[in-house]
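Structure record follows, encoded as structure tokens.
Here is how names work: the chains are called A, B, and so on, in the same order as the sequence lines, proteins then strands, and each is numbered from 1.
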Amino acid sequence: MQQKTFTERVIDIIREIPPGKVATYGGIAERAGNPRAARQVARVLHSSSRKRGLPWHRVINKQGRIALKDQGYERQKALLEAEGIYLDLKGNVDLEEYLWNPIGGLI
DNA sequence: GCCATGGCTAGTA
DNA sequence: GCCATGGCTAGTA
């Protein structure tokens with residue numbers, strides 16, 4: 001029986017983030033089994049969100065901010081707003097309101 | 001093996 | 001500083 005790799009678990013988790021909610025790099029890494037592998041989540045997003053069709057835009061940093069810059073920032077912001085997520089003037093998302101809580105959602 | 005990568009982050013000066 | 005991958009290199013058989 002083959003265990004899933006860290007990367008596979010990360011991908012599965014990202015897939016589960018529901019529309020209108022967001023998750024953080026660190027939070028995803030933690031759920032996937034390694035709280036310190038946040039950068040790994042970023043790498044996965046960068047390398048396979050296109051081919052795997054992941055909802056990459058629903059992943060932001062722990063400060064509630066979009067990590068991308070320039071065009072990437074604009075694209076992500078537009079996609080989040082299209083799902084009803086509000087970003088303030090500084091581009092901050094209120095994690096209290098929008099952070100996905102997988103516990104409640106899976107029970 | 002070694003090294004770069006990468007959309008991070010906890011914890012200092 | 002952290003760390004899971006992928007790619008590339010040296011050094012054996």
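With both ends at atom C1', the span from C/dG7 to B/dG7 equals 22 Å, rounded to whole Å.
In this structure, the separation between CG on A/Asp88 and CZ on A/Arg65 is 8.0 Å, given to the nearest 0.5 Å.
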*Can you list the steps and then say if A/Asn34 with A/Gln40 is a side chain to side chain contact (heavy atoms under 4.5 Å, CB included)?*
CA-CA 10 Å; A/Asn34 191 338; A/Gln40 188 60 186; over 6 Å; no

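Between A/Gln40 and A/Asn61, the residue anchored closer to the 5' end of DNA chain B is A/Gln40, taking for each the nucleotide with the nearest heavy atom.
Base pairing of B/dG6 is made with C/dC3, judged by Watson-Crick or G-U wobble geometry with both donor-acceptor distances under 3.5 Å. Under the Watson-Crick or G-U wobble criterion, with both distances below 3.5 Å, B/dG11 has no partner in any strand shown.
Using a 4.5 Å heavy-atom threshold, the side chains of A/Arg75 and A/Trp56 count as touching. Residues A/Gln76 and A/Ile60 form a side-chain contact, since some pair of their non-hydrogen atoms from C-beta on lies under 4.5 Å apart.
Among the heavy atoms of the strands lying under 4.0 Å from A/Phe6 are primed sugar atoms or P, OP1, OP2 only; no base atom is included. Using a 4.0 Å heavy-atom criterion, one finds that A/Val44 contacts no nucleic acid atom at all.
Exactly one of A/Asn92, A/Val22, A/Val93, A/Leu87 qualifies for a side chain to side chain contact (heavy atoms under 4.5 Å, CB included) with A/Ile66. That residue is A/Leu87.
Shown here is A/Arg15, whose CZ atom has more than 12 heavy atoms of other residues, nucleotides or ligands within 6.0 Å.
Contact footprint of chain A on DNA chain C: nucleotides with an atom under 4.0 Å from a non-hydrogen protein atom, first to last in 5' to 3' order, C/dG1 to C/dT5.
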